[in-house]
Chemist: 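Provided herewith is a single structure, encoded as structure tokens, for subsequent inquiry.
The first residue in the sequence is number 1, and the count goes up from there.
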Amino acid sequence: GFIYIVGGAAQEKNELPTLVFLPSNGTWSVSSNDITQPVVNPGVVSMEAFLYSIGGEYDGKPVASNQTFQALTTIAVPIIR
């Protein structure tokens with residue numbers, strides 16, 4: 001699996017990009033499938049290959065939108081019986 005960091009703001013009040021940790025090479029990178037609206041303090045949940053960002057704040061005001069984006073990769077693994 002991967003580890004995602006979603007939401008947040010730098011000290012200059014610039015919203016941060018979505019980051020993903022790639023365990024295969026031990027590095028962090030900016031996700032190519034970033035959320036469309038910057039948000040601080042969202043509720044985030046994962047289900048299957050998707051991350052859902054719910055609510056949060058932007059520019060000090062509540063955000064009434066929910067966003068969905070697909071994880072970096074999905075790998076099909078065959079079941080051997």
Chemist: Let me see the working for Leu22 and Ser29 under side-chain contact (heavy atoms from CB on, under 4.5 Å), right down to the final yes or no.
Modeler: CA-CA 8 Å; Leu22 307 170; Ser29 64; 4.0 Å; yes

Chemist: Give me the atom names and distance for the closest heavy-atom approach of Gly55 to Asn66.
Modeler: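 Reported closest heavy-atom pair: N-OD1, 3.6 Å.
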
Chemist: With distance as the sole test, does Asn25 use its side chain to make a donor-acceptor pair with the main-chain N or O of Thr27 at under 3.5 Å?
Modeler: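 Side chain of Asn25 to backbone of Thr27: a pair is present.
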
Chemist: Does a side-chain heavy-atom distance below 4.5 Å link Tyr52 with Gln67?
Modeler: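 Counting from C-beta outward, Tyr52 and Gln67 never come under 4.5 Å.
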
Chemist: Looking only at heavy atoms, which two atoms of Val44 and Ser53 are closest? And how far apart?
Modeler: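 Where Val44 meets Ser53 most closely, the heavy atoms are CG2-CA, 4.4 Å.
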
